[in-house]
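Since we're looking at a predicted model, the values are computed, not measured.
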Amino acid sequence: MAKVDTRNEIRFILNGRDVALSSVAPDATLLDWLRLDRSLRGTKEGCAEGDCGACTVLVGKLSAAGLVYESVNACIRFLGSLDGTHVVTIEHLRGEPDKLHPVQQAMVDFHGSQCGFCTPGFVMSLYGLWMKSPAPSNAAIEKALQGNLCRCTGYEAIMRAAHAISSYGKAARDPLALERQDITKRLQALHDGARVEIGTGGKRLIVPADADDFAAVFEKEPTATVVAGSTDVGLWVTKHMRDISPVIFIGNLDGLGGIVEDKGVISIGAGVTYTEAFSMLSKRIPALGQLVDRIGGEQVRNMGTIGGNIANGSPIGDTPPPLIALGARLTLRKGKERRTIPLQDFFIAYGKQDRQPGEFVEAVHVPVPAKDVKFAVYKVTKRRDEDITATLGAFCLTLAGDGTVADIRIAYGGMAATPKRASTVEKALMGKVWNEAAVEAAMAEYASDFTPLTDMRATAAYRALAAKNLLLRFYVETTSTGAPFQVSRSEAA
């Protein structure tokens, strides 16, 4: 590998100004820096965990599709992850001389603000949506606002305001649109191919030059905290006050951001966000696309990565169970060496994965189910959107010509210390006619596979019963006339 140049500062654009910072704490958040260092206090702190959206800003980044702006949670976005980006806060919004910005004026005229604390976050989320879709549908508006909470319950007024924005101005004439070419050139100039290293000793942050550089750095620094989207690690800092130094930031690294399909297998790089994966997954594996829409809010999906969700190893991570059910495989890399294993073998015990020191998740490979395969995902939560899973069941079924079960893979989250297959239940169904009697008999085997826990999201008894009933629901939906074979559903816990 060729020698990589290094520099000791992160560089990005804040609103209209270039920023270069050589003194950055590894755990410094964008929200704190904006408010405390730059006195940009329109960005609010509400929950400090990426749930309420009061801290929403836009971050523009260069991608294969050009310059893309996305809403993100500044409260859990680390300052060190912003190298080569354009950060846009509510203070940067501007309309014609002596006029409010169209988004702001619509919020005023349609009474979209009550106490006003959450309003800047709503405005920024609507701004990001309006720039992409000047005439959005109700569904698009609701999706864009999943991660914005209003304690005054003003959603209907905000929806009306969202529909009216384009009557106050044209998105194509917005300053951010008119400056796109200039900002693109400025960001391209910031991408100098250098590694960023700031700090000394344990209090350090590193932004590798690319995936190969990351592999080399992590092999030498195996105890470092690897941060992709920070949707989990951000809470380690804001809620648990953990020391995460030294930190390696890998978001938007060249070599980790690809998503391609080849011979019926979708390969997803570890740096691919939920938002970036959504288009292909929703087309090729619809149930996965529908599931992605329920992971956090829009801001979380714009930051969080599927690779990070896997590497974190959480027993309630949403993507591992359906990927296991689909027979996904995982590529792990250490230095120049790679190995590929079944995804289900990656999870060993709570907090323990089959990953050597200095080894990282490079990509996950997901087989697209054949047309005759029945695949479903069911996520059980207390509220439908932006909620953490109580239990999640994924089912992949192939029937023989005589109606018997030729193959079935069942995997759950929230039922054990790791994402886990229901192996005994699967064995009970193999070779049986796919009917209600076989399903009910197999439901009795759940106790052999799972011993769930009671916590704030659900009791052990509820989880055990819900898991069984998800299998029954899968049977009903795959045998009822006209029922879809690929489905994703929600239940209230």
If only atom types and distance count, is the side chain of Asn73 paired as donor or acceptor with the main-chain N or O of Ile76 below 3.5 Å? no

Can you check whether Ala140's main-chain N or O pairs, donor with acceptor, with Ser137's side chain at less than 3.5 Å? yes

Assess whether salt bridge (charged side-chain N to carboxylate O under 4.0 Å, His left out) is satisfied between Arg457 and Asp387, documenting all intermediate values. CA-CA 10 Å; Arg457 296 181 186 92; Asp387 202 3; 5.8 Å; no

Short side-chain donor-acceptor distance under 3.5 Å, Thr319 and Asn309: yes

Check side-chain contact (heavy atoms from CB on, under 4.5 Å) between Arg94 and all other residues, then give those that pass, not counting sequence neighbours. His92, Pro175, Glu179

So, does Ser133 use its side chain to make a donor-acceptor pair with the main chain of Leu129 at under 3.5 Å? no

Taking only residues two or more places apart in sequence, or in another chain, which ones meet Arg17 in a side-chain contact (heavy atoms from CB on, under 4.5 Å)? none

Run the side chain to side chain contact (heavy atoms under 4.5 Å, CB included) check on Met303 and Ser230 step by step: do they pass? CA-CA 7 Å; Met303 292 168 57; Ser230 71; 3.4 Å; yes

Give the intermediate values and the outcome of salt bridge (charged side-chain N to carboxylate O under 4.0 Å, His left out) for residues Arg301 and Glu298. CA-CA 5 Å; Arg301 294 191 294 270; Glu298 187 84 343; 2.9 Å; yes

Hydrogens and angles aside, do Ser314 and Asp232 bring a side-chain donor and acceptor to less than 3.5 Å of each other? no

Under 6.0 Å between ring centres, would you say that holds for Tyr69 and His86? yes

Charged N to carboxylate O under 4.0 angstrom, Arg195 versus Glu197? yes

Is the shortest distance from a Lys or Arg side-chain nitrogen in Glu261 or Arg284 to a carboxylate oxygen in the other one below 4.0 Å? yes

Would you call the rings of Phe78 and Phe249 parallel, tilted or perpendicular, where under 30° means parallel and over 60° means perpendicular? tilted

Report yes or no: does Ser71 contribute a side-chain atom to a donor-acceptor pair with the main-chain N or O of Val57 at less than 3.5 Å? no

Salt bridge (Lys or Arg N to Asp or Glu O under 4.0 Å) pairs touching residues 22-44, sequence neighbours excluded, are none

Derivation of the side-chain hydrogen bond (donor to acceptor under 3.5 Å, both in side chains) call for Arg77 and Ser81: CA-CA 7 Å; Arg77 182 68 181 254; Ser81 71; 2.7 Å; yes

Yes or no on side chain to side chain contact (heavy atoms under 4.5 Å, CB included) for Asp192 and Leu190, after CA distance, side-chain angles and deciding distance? CA-CA 6 Å; Asp192 57 2; Leu190 293 180; over 6 Å; no

N/O donor-acceptor pair under 3.5 Å between Thr381 side chain and Arg383 backbone: yes

Under a 4.0 Å N-O cut-off, is there an ion pair linking Glu337 with Lys334? no

Not counting sequence neighbours, list each pair that qualifies as a side chain to side chain donor-acceptor pair (under 3.5 Å) and has a residue in residues 53-68. Thr56-Gln299, Lys61-Glu276

Taking Asp210's backbone N and O only, do any of them form a donor-acceptor pair with Asp254's side chain (distance below 3.5 Å, no angle check)? no

Under 3.5 Å side-chain donor-acceptor pair for Thr340 and His365: no

Residues Lys203 and Asp243 bridged, charged N to O under 4.0 Å: yes

Under 4.0 Å between a Lys/Arg side-chain N and an Asp/Glu carboxylate O for Asp345 and Arg329? no

Please list all pairs meeting salt bridge (Lys or Arg N to Asp or Glu O under 4.0 Å) that have one or both residues in residues 221-230, counting only residues at least two apart or in different chains. Arg204-Glu221

Quick one: list whatever passes salt bridge (Lys or Arg N to Asp or Glu O under 4.0 Å) with Asp18, sequence neighbours left out. Arg186

For His101, give me all partners under ring pair (Phe, Tyr, Trp, His ring centres under 6.0 Å), at least two apart in sequence or on another chain. Tyr127, Trp130

Under the side-chain contact (heavy atoms from CB on, under 4.5 Å) test, residues paired with Ile348 that sit two or more places apart: Lys352, Asp354

Mind jotting down which residue pairs meet the salt bridge (Lys or Arg N to Asp or Glu O under 4.0 Å) criterion with at least one end in residues 46-58? Sequence neighbours excluded, please. Glu49-Lys239

Could you point out which residue of Ile259, Val361, Leu281 forms a side chain to side chain contact (heavy atoms under 4.5 Å, CB included) with Ile306? Leu281

Shortest non-hydrogen pair, Ser113 vs Thr119, comes out as OG-OG1, 2.8 Å

Mind jotting down which residue pairs meet the ring pair (Phe, Tyr, Trp, His ring centres under 6.0 Å) criterion with at least one end in residues 269-322? Sequence neighbours excluded, please. none

Under a 4.0 Å N-O cut-off, is there an ion pair linking Arg339 with Glu359? yes

For Phe12, check ring pair (Phe, Tyr, Trp, His ring centres under 6.0 Å) against everything at least two apart and list the hits. Trp33

Tell me yes or no: between the side chains of Arg294 and Gln146, is some donor less than 3.5 Å from an acceptor? no

Quick one, Val237 with Arg242, criterion side chain to side chain contact (heavy atoms under 4.5 Å, CB included). Give me CA distance, side-chain angles, the key distance, then yes/no. CA-CA 5 Å; Val237 171; Arg242 285 174 54 177; 5.8 Å; no

Quick one, Asp83 with His191, criterion side-chain hydrogen bond (donor to acceptor under 3.5 Å, both in side chains). Give me CA distance, side-chain angles, the key distance, then yes/no. CA-CA 8 Å; Asp83 193 61; His191 285 264; over 6 Å; no

Going through the checks in order, is the side chain to side chain contact (heavy atoms under 4.5 Å, CB included) test met by Val368 and Val265? CA-CA 6 Å; Val368 176; Val265 176; over 6 Å; no

Approximate separation, where rounding is to 0.5 Å, of Leu67 CG and Asp182 CG: 10.5 Å

Ile206 side chain reached by Pro246 side chain, heavy atoms, under 4.5 Å: no

Sub-3.5 Å donor-acceptor pair from the side chain of Thr85 to the main-chain atoms of Val59, do we have one? no

Can any side-chain N or O of Asn15 pair as donor or acceptor with the backbone N or O of Thr89 at less than 3.5 Å? yes

Least distance between heavy atoms, Ala417 atom then Pro315 atom: O-CB, 3.5 Å

Got a second to check how far His163's NE2 is from Ile158's CD1, nearest 0.5 Å? 12.5 Å

Only counting residues at least two apart or in another chain, list the ones meeting side-chain contact (heavy atoms from CB on, under 4.5 Å) with Ala20. Glu9, Arg11

For a salt bridge (charged side-chain N to carboxylate O under 4.0 Å, His left out) check, start with the C-alpha distance between Glu362 and Arg338, then their side-chain angles and the critical distance, and finish with the verdict. CA-CA 9 Å; Glu362 186 174 49; Arg338 292 177 173 86; 2.6 Å; yes

I'd like to know if the side chain of Thr305 and the backbone of Gly308 have a donor-acceptor N/O pair within less than 3.5 Å. yes

Just checking, any donor-acceptor pair under 3.5 angstrom between side chains of Gln105 and Asp109? yes

